[in-house]
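Reckoned from all heavy atoms, side chains included, excluding hydrogens, waters and symmetry mates. Just so you know, these numbers come straight off a predicted model, no measurement behind them.
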Amino acid sequence: MAVLVTGGAGYIGSHAVASLKERGEEIVVVDNLEQGHREAVTGGKLYVGDLRDKDFLETVFKENSIDAVIHFAANSLVGESMQNPGKYYHNNVYGTLCLLEKMIEHNVLKIVFSSTAATYGEPENVPIDEYDRTLPTNAYGETKLAMEKMMKWFDVAHGLKFVSLRYFNAAGAHESGLIGEDHNPESHLIPIVLQAALGQRPHISVFGEDYETEDGTCIRDYIHVSDLADAHVLAVERLRTGADSSIYNLGNGQGFSVKQVIDIARSVTEREIKAVIEPRRTGDPAVLVAASDRARNELGWNPKRDKLEDIIRSAWNWHVANPQGYKGKAQE
């Protein structure tokens, strides 16, 4: 039986594929390659297509014996979601509806969902607990919350069991150096900082320094992408035991401000990195830090790469070796 990984050519998805491969799982990857990269898929069978194409999905399910799905495929840019919410509802929510309907048709009743801390919005408590209020401050988070709720009702109606993993800032690269982070446009802080260190950007923009934090910049919880990938695989294993649907936060439990990340990157890279203060972005909460005790206790999740210096160093190694990202690999 195979695990279907949607969005498996993307950043976190490709690392989940690598983690599944290391465990000897049969893997099927679906990606429309809008943001993913063919070169990032290190195992399994790749189908290039869109979840909203029901005939395409039918082919994938007919040609493979799938027993579980890990669902990454989604648009995920907060700023873009505020400018074009329709795109996010159509791709994220409708795409997930098409996937769930096809799963029910083929009696595939286990799904692990790549969710987000953005479902909480501006948190009431820090660190955030899974039982805290969900009130997203941006359309991206709202669509992810809608996808979670959809899965809940598919569980009620059809017995579809899901694990939703709400996590924060994925960072770093695989220890093999074969896969890493390559988005176009890039929106994540650590790779943007490292691009500035490489001279690919003139500076790093810091969006707001008037938040109610120690240095005025946003605070986030950073997790190594391979630790995130391992959590998704553990969640599949938990569902295979017959466990009920659950929601888990994934985080290291320690927050770092934007300015702290830049300072650590300067130390790791031994490069000057110019920072320029810009106005706040719409929809950015001041502090997002996770309490992930439930994931540790129930999934047996134990992050192995939890020091931010080590996370940034692994990302730096990838960027130095692949300054053009996967485009450079494709030309080799």
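The list of ring pair (Phe, Tyr, Trp, His ring centres under 6.0 Å) pairs with a residue in residues 25-50, not counting sequence neighbours, reads H37-Y326. Within the structure, the ring pair (Phe, Tyr, Trp, His ring centres under 6.0 Å) test picks out the following pairs touching residues 225-277 (sequence neighbours left out): F72-H232, Y167-H232.
E80 and Y88 share a donor-acceptor pair across their side chains, judged by distance under 3.5 Å alone. Between the side chains of H319 and E181, no donor-acceptor pair of N or O atoms lies under 3.5 Å. Donor-acceptor pairing under 3.5 Å is recorded for the side chains of E148 and S115.
Salt bridge annotation for E130-R166: absent, with no cationic side-chain nitrogen under 4.0 angstrom from a carboxylate oxygen. With respect to R240 and E237, no salt bridge is recorded, no charged nitrogen being found less than 4.0 Å from a carboxylate O. Between K304 and D227 no salt bridge is recorded (no basic side-chain N to carboxylate O distance below 4.0 Å).
Cluster annotation: M151 is connected to V30 through the hydrophobic network of ILVMFWY side chains, with a link wherever side-chain heavy atoms come within less than 4.5 Å. No path of Ile, Leu, Val, Met, Phe, Trp and Tyr side chains, each step under 4.5 Å between heavy atoms, connects L250 with I247, placing them in separate hydrophobic clusters. A chain of hydrophobic side-chain contacts below 4.5 Å, direct or via other Ile, Leu, Val, Met, Phe, Trp or Tyr residues, connects L33 to V5. In the hydrophobic clustering of this structure, L189 does not group with Y140; members are Ile, Leu, Val, Met, Phe, Trp, Tyr whose side-chain heavy atoms approach within less than 4.5 Å, directly or through other members.
Taking the side chain to side chain contact (heavy atoms under 4.5 Å, CB included) definition, one finds that D55 meets it with D53, sequence neighbours left out. Remark: F154 pairs with H158 by the ring pair (Phe, Tyr, Trp, His ring centres under 6.0 Å) rule, at least two apart or across chains. Shown here are the side chain to side chain contact (heavy atoms under 4.5 Å, CB included) partners of F207, two or more places apart in sequence or in another chain: S205, E278, R281. Annotation: side chain to side chain contact (heavy atoms under 4.5 Å, CB included) contacts of K149 (sequence neighbours excluded): L145. Among residues two or more places apart in sequence or in another chain, the ring pair (Phe, Tyr, Trp, His ring centres under 6.0 Å) test is passed with F168 by none. In this structure H224 satisfies the ring pair (Phe, Tyr, Trp, His ring centres under 6.0 Å) test with no other residue, sequence neighbours excluded. Looking at residues two or more places apart in sequence or on another chain, you find a side chain to side chain contact (heavy atoms under 4.5 Å, CB included) between D310 and K307, R313.
In the hydrophobic clustering (ILVMFWY side chains linked at under 4.5 Å, chained through shared members), Y131 stands by itself. In the hydrophobic clustering, W153 connects to V156, either directly or through intervening members, whenever side-chain heavy atoms lie under 4.5 Å apart. In the hydrophobic clustering, where aliphatic and aromatic side chains (Ile, Leu, Val, Met, Phe, Trp, Tyr) are joined below 4.5 Å either directly or transitively, V287 groups with V126, I219, V289.
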>> For a side-chain contact (heavy atoms from CB on, under 4.5 Å) check, start with the C-alpha distance between I66 and V60, then their side-chain angles and the critical distance, and finish with the verdict.
In response: CA-CA 9 Å; I66 296 164; V60 173; 4.3 Å; yes

> Run the salt bridge (Lys or Arg N to Asp or Glu O under 4.0 Å) check on E63 and K45 step by step: do they pass?
Replying inline: CA-CA 11 Å; E63 291 184 356; K45 187 192 305 184; 5.4 Å; no

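When all heavy atoms of H71 and M147 are compared, the pair lying nearest together is NE2-CE, 3.9 Å. Here the closest heavy-atom approach between residue S257 and residue D215 is recorded as OG-OD2, 2.6 Å. Closest of all the heavy-atom pairs between A40 and A9 is CB-O, 3.7 Å. Nearest heavy-atom pair, A173 versus S314, reported as atom, atom and distance to 0.1 Å: N-OG, 3.1 Å.
Of the listed residues (N64, V3, V69), just one forms a side-chain contact (heavy atoms from CB on, under 4.5 Å) with V28, and that residue is N64.
No more than 12 heavy atoms of other residues, nucleotides or ligands lie within 6.0 Å of NZ in K21, so this atom counts as exposed by the packing criterion.
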